[in-house]
Every structure is written in structure tokens, then in C-alpha cells.
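Working notes, structure below.
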2 protein chains.
Amino acid sequence: MTVTLADVAARAQVSPATVSRVLNGNYPVAASTRERVLKAVDELDYVLNGPASALAAATSDLVGILVNDIADPFFGIMASAIQNEIGGPGGRAGGERLAVVCNTGGSPERELTYLTLLQRQRAAAVVLTGGAIEDPAHLAAVGNKLRRLADAGTRVVLCGRPPTPEAIAITFDNRGGGQQLTEHLIGLGHRRLGYIAGPEERTTTRHRLEGHRAALAAAGIEDDAERTVYGRYDRLSGYEATLELLRRDRTLTAVVAANDTVALGACAALRDSGLRIPDDVSVAGFDDLPFSIDAVPALTTVRLPLAEAGARAGRIAMGREEAPPGGIATVRGELMVRGSTGAPRAK
Amino acid sequence: MTVTLADVAARAQVSPATVSRVLNGNYPVAASTRERVLKAVDELDYVLNGPASALAAATSDLVGILVNDIADPFFGIMASAIQNEIGGPGGRAGGERLAVVCNTGGSPERELTYLTLLQRQRAAAVVLTGGAIEDPAHLAAVGNKLRRLADAGTRVVLCGRPPTPEAIAITFDNRGGGQQLTEHLIGLGHRRLGYIAGPEERTTTRHRLEGHRAALAAAGIEDDAERTVYGRYDRLSGYEATLELLRRDRTLTAVVAANDTVALGACAALRDSGLRIPDDVSVAGFDDLPFSIDAVPALTTVRLPLAEAGARAGRIAMGREEAPPGGIATVRGELMVRGSTGAPRAK
DNA sequence: AGCGTGACAGCAAGCGCTTTCTATCTAGTG
DNA sequence: CACTAGATAGAAAGCGCTTGCTGTCACGCT
């Protein structure tokens with residue numbers, strides 16, 4: 001039914017070994033023979049059997065990219081950059097590798113299961129993106145898996161994830177970014193700032209919030225716990241959290257959001273509450289996703305070099321770039337001041 | 001070095017066959033034996049060798065999802081929905097399948113290569129999303145590949161892609177949506193509408209444009225070729241195209257964009273040109289991506305049920321839902337009238 | 001008591017490819 | 001001109017798992 005190597009060999013009048021060598025091209029084969037084989041491959045429409053090949057060679061060309069939410073451009077942009085470097089078909093890199101992205105939906109179990117699946121497939125490399133869940137049990141389980149993967153020869157790289165002893169990491173300076181952002185707001189004169197955080201158990205959430213609080217502390221502004229609301233990394237969450245913040249303290253002059261998407265929700269809530277941005281309330285986001293510049297007013301935010309970080313992680317995963325010293329590279333964000341933040345109204 | 005089935009068998013004092021059967025669970029195994037095996041698996045930290053298993057069983061649990069641009073939420077949303085139904089770990093569906101998304105970047109060659117790679121891996125199913133390239137040679141090549149895949153037992157489903165004889169398709173009524181949108185604008189009184197199209201060779205582009213023109217024709221409005229500009233499906237393209245449209249005819253009262261992202265770029269260009277939306281110029285998008293409602297004013301657009309369509313495609317791909325009659329299901333968009341469109345200023 | 005019948009467990013033959021080792025042939029060398 | 005090195009090609013042994021076919025028991029029936 002299906003065409004096998006042997007069929008090609010028979011047709012080209014050579015041994016299967018030769019066909020294999022022509023296809024893999026790492027062994028001398030006479031030009032005439034090669035041609036004959038290629039012709040047979042073509043005529044028979046032969047397609048290599050991946051599993052068989054992976055089994056025999058004990059390697060595979062699968063590379064896994066784990067993301068928390070594939071519908072979120074934050075991950076989409078990184079994934080795209082990684083995939084590009086990984087090689088995939090037509091990518092910058094050579095060989096044909098199957099770069100696949102796996103959507104964990106932020107669930108620890110799914111993350112683990114995908115890792116196992118990738119391990120089953122003897123993946124060549126795995127890149128984990130985005131914040132991690134801070135549950136110790138889960139962290140240990142993931143660490144364990146990563147170690148095993150590495151032991152089995154799978155290259156493991158983290159991108160936009162806090163470093164762990166088990167892998168090379170390209171990490172974002174979320175803390176620093178958060179701090180810069182809040183410093184900017186404080187510099188404008190704000191003293192009553194609301195903060196909309198992401199899910200409480202995510203590292204990204206914690207780091208950004210810590211940066212915010214550090215800035216507050218440095219300016220001697222008391223950090224009222226009332227002024228922080230936790231939510232999800234989506235628009236609706238930003239909307240609701242803003243309403244809640246307003247309910248708690250209508251005199252807020254600025255809202256700092258966990259990311260741009262949340263910030264957009266915050267803007268909507270403010271507008272619906274009859275407040276103008278930034279005249280009545282300033283709003284700031286994080287990430288600088290493409291749409292942030294199109295908000296009206298354009299969003300002040302911290303730009304994270306998602307594509308660059310992804311590309312670098314991808315290259316490292318392919319062994320085309322050396323790991324950073326110490327296995328950790330920290331990438332800083334850049335404050336982008338735009339129209340959504342301004343001085344608070346004089347009281 | 002690595003633990004194999006045989007190791008587990010030895011430890012559990014059974015034959016490899018028994019271990020395999022315990023793991024696959026489709027053959028009677030005494031409870032006590034099963035337990036012993038499971039214990040050994042656990043103690044040894046055994047991980048099945050995917051390729052070996054796929055080779056022996058001549059099947060695989062890989063499912064491929066092809067997207068044009070993974071950084072675009074349009075695809076992200078569909079991919080996410082598909083993946084959810086496919087099963088992946090923790091998905092609604094049972095078994096553990098490796099649902100992977102492949103980013104073609106809109107390139108025909110990459111599309112083909114990914115298809116071959118998937119074929120190599122003997123994928124269980126493949127879902128192709130988004131518009132197709134209208135190059136006859138490429139269409140034929142893809143059709144060919146799809147047929148082969150289907151012959152080899154891979155289920156092939158198209159989602160948001162024009163139907164082809166080779167596969168089941170969930171298709172969007174882009175033409176109808178485009179028509180509705182333009183009818184809405186005409187109904188408001190617009191007579192001089194600019195159109196920013198996507199890449200010329202994409203089916204999606206053509207269909208939406210055809211709908212637009214059909215509406216124009218029905219209203220007896222002459223379709224000036226000058227009023228259509230082709231571009232890419234991104235923001236910058238919308239920005240530049242709008243500037244160009246304005247250059248050609250400053251009296252335009254409405255701009256219809258190929259999708260929401262492009263529309264956002266158009267809005268920016270209009271604002272930068274000192275025009276107000278919708279007072280001076282109305283703007284309409286397509287897709288109703290999440291951020292569209294956050295634009296100011298909120299974008300009038302055609303909502304496409306991306307998630308629903310994806311979910312359905314996913315279920316069909318897994319054989320958990322019957323194919324639609326004739327193998328084609330057409331999904332309509334829903335006109336969402338919002339603030340970005342209004343009556344043109346009285347002249 | 002004799003035997004058919006399930007319920008399990010094991011044997012062994014591959015699945016389709018890679019790769020080591022060997023065989024063959026040609027050409028260069030002293 | 002015998003001899004060796006280099007270049008190719010082939011034989012065959014797996015890679016780790018699945019599964020059809022064969023046992024082997026322990027029962028329960030006549």
C-alpha cells in the first residue's frame with residue numbers, strides 16, 4: 001500500500017542502505033546513483049516514514065514550544081519568532097524540523113502532559129515561554145521533567161520565564177519594567193495609583209507587582225493593599241477590576257495594569273464611568289503589543305522585545321548560538337511614554 | 001541508558017507484550033498483573049518511545065493545525081479552539097494527542113513542507129485554517145498532498161478556508177459579510193467608499209472584496225478602481241493604504257478595511273490626517289477580534305464565530321462530529337454596528 | 001471424569017529505517 | 001606490475017514497540 005524505502009531501492013536498483021544515504025546525504029554516494037535514487041523517489045512519490053526513521057536513528061526533528069495562551073499575541077509573537085529560528089520549513093535555519101506549538105492554557109497539568117508527550121517523541125528541543133506557576137509541587141515536577149528531557153538529549157530553553165537550574169533562560173526584567181512604569185507615573189505627580197495584577201500564582205504577576213511596589217516605596221508612598229486587585233490576563237478582567245478599584249476609591253488618578261490587554265479593559269471601564277484618559281485618570285499597560293499604539297489615547301507601556309527574545313531562544317535551542325554566561329540572560333523592557341498617562345488634575 | 005518496555009517487563013516479571021497491553025489498555029490483563037506493571041513503570045520512570053510505538057502500530061497521535069500567522073489573534077483563536085477539541089492534554093476530549101500548530105507565515109512552500117512533515121509523521125489529522133493562496137499550481141499541489149494524506153488515513157479538515165474536493169470544510173461567508181458591511185455603509189448614505197484589500201492572491205481577500213462590490217453594484221454606485229488598494233493583513237498596511245486613498249480622493253466618506261487590524265491602521269492614518277471618525281470618515285473592519293471593541297470609537301465590523309468554527313473543525317477532525325452534508329458548512333458573519341461608522345456629513 | 005470455554009500471558013514476527021562492518025572496484029604509487 | 005588507499009555499495013543487525021497466534025490454566029457443564 002504505502003511506498004517504503006525498499007520499494008524505492010528496488011526501483012532504483014540499489015540497496016535500501018543507499019537510498020537512505022542519498023536521502024540523508026551524509027555519506028558519499030556517486031552522483032549517478034544519487035540521481036537514479038532521486039528519480040525513483042520522485043516517481044514513486046515516496047515519503048519517509050518519520051517514526052521509523054526516528055526510531056532507527058534515535059533522534060527526531062520535533063521541537064516543542066509551550067505557550068500559555070496561543071490566542072494571546074504576547075505568546076503568538078514569541079512563538080512565531082522562535083519557530084522562525086528553529087528552522088521549520090523555509091525558516092531562516094536549514095534542515096526541516098517540525099516546530100510545533102503546544103497550548104497549555106496556563107494549566108499546570110497540561111504543561112506537564114505536553115512535556116511528557118514531547119519526551120515520548122524524543123523531541124530535539126523544547127522552549128517554554130511565559131510566566132510559570134509558583135506552586136512548589138508543580139515547579140518541582142516541571143524541574144524534574146526538564147532534567148529528564150535534558151538527560152535524554154533534548155535541549156531545553158526558557159523564554160520569558162524565570163530561570164531554573166535545569167535550563168538556559170532568556171528572562172524578562174518584569175520587576176524593573178514595573179518599577180520604571182510606576183516611577184514614571186509618580187514623576188508625573190500621581191500619588192493614588194490603582195494596580196490591576198494578573199493571576200496571583202504567576203511569576204510574571206508577582207514580579208511586575210513587586211516592581212510597582214518598589215517604586216511606591218522608594219517615593220515614600222504608602223502601599224494600600226486596597227489598591228491592588230488580582231485578575232486574569234484578559235480584557236474583561238481589566239474592566240471589572242477597574243470598576244472595583246473605582247468603587248474602593250473614586251479619587252484614584254492612575255491605573256497600572258498587568259498587561260496591555262488588561263489596560264484596554266481598564267480604559268473601557270474608565271470611559272464607561274465617565275472619566276477621561278488621561279485627564280481624570282492615567283492608564284499604563286505592559287508588553288507593548290501591536291494594538292497598544294492604536295488605543296486612543298495610545299497606551300503608555302513597557303515594551304518587551306518579544307520577537308528578539310524569541311529568536312534568541314530559538315537559536316539557542318538549535319545550538320546555533322551560545323548560551324548566555326551563567327545560563328541566564330535578562331532582557332530589559334523599555335518604557336514607552338504615550339498619551340494615556342499625564343499629570344493628574346490639580347486637586 | 002534509557003528505560004525500555006523490556007526493562008519494565010523484567011522488573012514486573014511479565015513479558016513485554018503484557019506491559020504493552022497494560023499501557024494501551026485494550027486487552028484483558030488481570031488486575032494484579034496490571035498493578036505490578038504500573039508499579040514498575042512508576043519506579044523506573046518509564047516513558048513510552050513514541051516513534052517506536054507509532055512505527056509498530058502504524059498510527060500516531062499527532063494532529064497538525066496549519067495557520068498563516070500565529071501572531072495574529074484571528075488564527076490564535078481558531079487554533080486554540082481546535083486544539084481544545086482535539087484533545088491535547090486536559091482538553092475536553094479524552095486520549096492524549098499531541099495537537100501542534102504549524103506557522104506557515106502565509107508561504108505556499110512552507111505550507112507544503114509542513115504538510116509533508118505531517119505526512120511523514122503519519123499524523124492522525126490535519127486542520128488547515130485561513131484563506132488559501134489562489135495560485136493554480138500551488139492549489140493543485142496542496143490538493144494532491146491532501147488527497148495523499150487522506151488516503152493514508154489522515155483526516156483532513158479545512159477551517160475558514162474555501163472548500164476543495166479533497167476535504168471537509170467549515171467555510172466563512174466572507175462574501176456575504178463584506179456585502180452586509182458595505183450595504184450598511186450605503187444605507188447610512190455613503191457614496192464614496194475606499195476599500196483596503198488584503199494580499200491580492202488570497203481567497204479571503206477576493207471574497208470580501210467581491211461582497212463589497214456586489215453591494216456597490218446593487219446600489220448602483222459606480223466602482224471606481226481607484227478606490228481599492230491592496231496591501232497586507234496588518235496595521236501598517238492599513239495606515240499606508242489609507243493615506244494613499246486619501247491622496248487619490250480626499251472626499252472619501254468611508255473606508256472599508258480587509259480586517260480589523262487593517263482598520264485600526266486606517267483609523268490612525270485618518271486621525272493623523274486630521275479627520276474625525278466617524279464624523280468625517282467612517283471606518284469598518286472585519287472579523288471582530290477582541291480588541292476591536294476597544295478602539296475609540298469602537299469598530300463596526302463583521303463578527304466571525306472563530307472559536308465555534310474552530311471547535312467544530314476540531315471535533316470533525318477527531319471524528320467526534322459528523323461531517324456537514326456535502327462536506328461543506330458555511331458559517332455566516334454577523335454585522336456588528338458600532339461607533340466607527342455613521343452618516344456622512346451633509347455636504 | 002472428560003472436555004469445552006473463557007481468561008490471561010507469552011512468543012515471535014515484524015513495522016521501516018539507520019548504520020556498522022565488510023566487500024568490491026578503481027586509481028594512484030613505487 | 002603488484003599493492004594500497006580511497007570511494008562506493010551492500011548485508012545485516014538492530015531501534016523499541018505492537019499484535020496475531022499459541023499456549024496454559026481453572027472452571028463449570030454434561
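From a predicted model like this one, the values you see are computed outputs, not experimental measurements. The figures here come from the full heavy-atom set of this structure, side chains too, leaving out hydrogens, waters and symmetry mates. All chains are named by letter (A, B, ...) in the order of the sequence lines, taking the proteins before the strands, and each is independently numbered beginning at 1.
- The shortest side-chain heavy-atom distance between B:Y46 and B:D7 does not fall under the 4.5 Å cut-off.
- Side chain to side chain, A:T18 and A:S15 meet the donor-acceptor criterion of an N or O pair below 3.5 Å.
- Two residues are said to be in side-chain contact when any heavy atoms from C-beta on lie closer than 4.5 Å; A:R120 and B:N49 fail this criterion.
- Phosphate proximity of D:dA9 to A:T18: absent, as no side-chain N or O sits under 4.0 Å from OP1 or OP2.
- Residues from residues 24-38 of chain B that place a heavy atom under 4.0 Å from any atom of DNA chain C, listed by number: B:Y27, B:P28, B:V29, B:A30, B:T33.
- We find that CG of B:L48 is positioned 9 Å from C1' of D:dG16, with the value rounded to whole Å.
- Under the 4.0 Å criterion applied to side-chain N and carboxylate O atoms, B:K39 and B:E35 are not assigned as salt-bridge partners.
- Atom CZ of B:R122 and atom P of C:dG16 are 8 Å apart (whole Å).
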Show me, pair by pair, the donor-acceptor contacts under 3.5 angstrom made by side chains of residues 19-27 of chain A, not counting sequence neighbours?
residue, atom, partner, partner atom, Å
A:S20, OG, A:N24, ND2, 3.3
A:N24, ND2, A:S20, O, 2.9

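- The residue A:V19 sits apart from the nucleic acid: no heavy atom pair falls under 4.0 Å.
- A:M318 contributes atom CE, which lies 10.0 Å from atom CD of A:E85 (distance to the nearest 0.5 angstrom).
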Under 3.5 Å, N/O pairs linking protein and nucleotides 25-28 of chain D:
none

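- Inter-residue side-chain proximity for B:L115 and B:V126 is flagged as met; some heavy-atom pair is nearer than 4.5 Å.
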Please produce a list of atom pairs where a protein N or O lies less than 3.5 Å from an N or O of nucleotides 11-15 of chain D.
residue, atom, partner, partner atom, Å
D:dC15, O2, A:A56, N, 3.4

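- For the side-chain contact (heavy atoms from CB on, under 4.5 Å) test, residues two or more places apart in sequence or in another chain that qualify with B:T59 are B:A57.
- Rounded to whole Å, the distance from CG on A:L23 to P on C:dG16 is 16 Å.
- For the pair B:Q13 CD and C:dG10 P, the computed distance is 10 Å after rounding to whole Å.
- For the pair A:E166 and A:R161, the salt-bridge criterion is not met [side-chain N within less than 4.0 Å of a carboxylate O].
- Using a 4.0 Å cut-off between charged nitrogen and carboxylate oxygen, A:E321 and A:R312 count as a salt-bridge pair.
- Take B:D45 and apply the side-chain hydrogen bond (donor to acceptor under 3.5 Å, both in side chains) test, not counting sequence neighbours, and it matches A:R148.
- Not one side-chain nitrogen or oxygen of A:S53 sits closer than 4.0 Å to the OP1 or OP2 atom of C:dG16.
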